[in-house]
Amino acid sequence: QVQLVESGGGLVQAGGSLRLSCAASGRTFSMSAMGWFRQAPGKEREFVASVSSSGGSTAYADSVKGRFTISRDNAKNTGYLQMHSLKPEDTAVYYCAARRSVVLSLYAERYDFWGQGTQVTVSS
């Protein structure tokens, strides 16, 4: 089992930056690929970024490529999403997720564990 707790969300002006953290409990985190997803009001949950268990492979949604960076520190059982050049359309609840596989995935249904989410609001 992996339990996930996100932090680092908040209110930021357009063009600003935030770093989200995802603290994981459980001994299997280092063997779990993880991802970040987001859900804006009235919209479906969408993929943002994913990283393999080792951190060696990453993937990004086109909408965040070049602005967001996903990373992880397995020694600290923590994943991160560094967000730069934030836009109002990035406003959403951001969720981290982990899966029982070392391989990253872009698909929410392939993740086994989810955090409770953290709100990110970008003002124009």
- Message: Give me each pair satisfying side-chain hydrogen bond (donor to acceptor under 3.5 Å, both in side chains) with a member in residues 69-78, each pair once, sequence neighbours excluded.
- Response: Arg72-Asn74

- Message: Filter on salt bridge (charged side-chain N to carboxylate O under 4.0 Å, His left out), then keep only pairs touching residues 50-62, sequence neighbours left out; what's left?
- Response: Asp62-Lys65

- One should read off an interatomic distance between Leu81 CG and Thr118 OG1, to the nearest 0.5 angstrom, of 11.0 Å

- Query: Hey, is CD on Gln119 packed in by over 12 heavy atoms from elsewhere, all under 6.0 Å?
  - Reply: yes

- Message: Under the criterion side chain to side chain contact (heavy atoms under 4.5 Å, CB included), I'd like the reasoning laid out for Gln39 against Glu46: C-alpha separation, chi angles, the key distance, then a yes or no.
- Response: CA-CA 6 Å; Gln39 187 166 19; Glu46 65 173 358; over 6 Å; no

- Message: Nearest 0.5 angstrom please: Gln13 CD to Ser124 OG, how far?
- Response: 9.5 Å

- Message: As a test of understanding, state which of Leu86, Leu11, Thr121 forms a side-chain contact (heavy atoms from CB on, under 4.5 Å) with Leu18.
- Response: Leu86

- Task: Kindly give the heavy-atom pair with the smallest separation between Ala40 and Thr91, and that separation in Å.
- Result: CB-O, 3.6 Å

- Task: Kindly state each residue pair satisfying ring pair (Phe, Tyr, Trp, His ring centres under 6.0 Å) with at least one member in residues 24-44, sequence neighbours excluded.
- Result: Phe37-Phe47, Phe37-Tyr111, Phe37-Trp114

- Item | Closest non-hydrogen atom pair, Pro88 against Ala14 | CD-CB, 4.1 Å

- Task: Only counting residues at least two apart or in another chain, list the ones meeting side chain to side chain contact (heavy atoms under 4.5 Å, CB included) with Ser7.
- Result: Ser21

- Closest approach of Val51 and Leu104, non-hydrogen atoms and distance? C-CB, 3.8 Å

Only pairs under 3.5 Å count here: list side-chain donor-acceptor contacts from residues 93-102, not counting sequence neighbours, and write none if there are none.
unit_1 : atom_1 : unit_2 : atom_2 : d
Tyr94  : OH     : Arg38  : NH1    : 2.9
Tyr94  : OH     : Asp90  : O      : 2.6
Arg99  : NE     : Arg110 : O      : 3.0
Arg99  : NH1    : Ser101 : OG     : 3.4
Arg99  : NH1    : Val103 : O      : 2.5
Arg100 : NH1    : Asp112 : OD1    : 3.4
Ser101 : OG     : Val103 : N      : 3.1

- Supply the atom-to-atom distance Arg67 CZ to Met83 CE, rounded to the nearest 0.5 angstrom. 9.5 Å

- Query: Looking at side-chain heavy atoms only, is the closest gap between Leu20 and Glu6 below 4.5 Å?
  - Reply: no

- Test item: Ser50 side-chain N/O and Leu106 main-chain N/O as donor-acceptor pair under 3.5 Å: no

- Query: Which residue pairs pass the ring pair (Phe, Tyr, Trp, His ring centres under 6.0 Å) test when at least one of the two sits in residues 57-85, sequence neighbours left out?
  - Reply: none

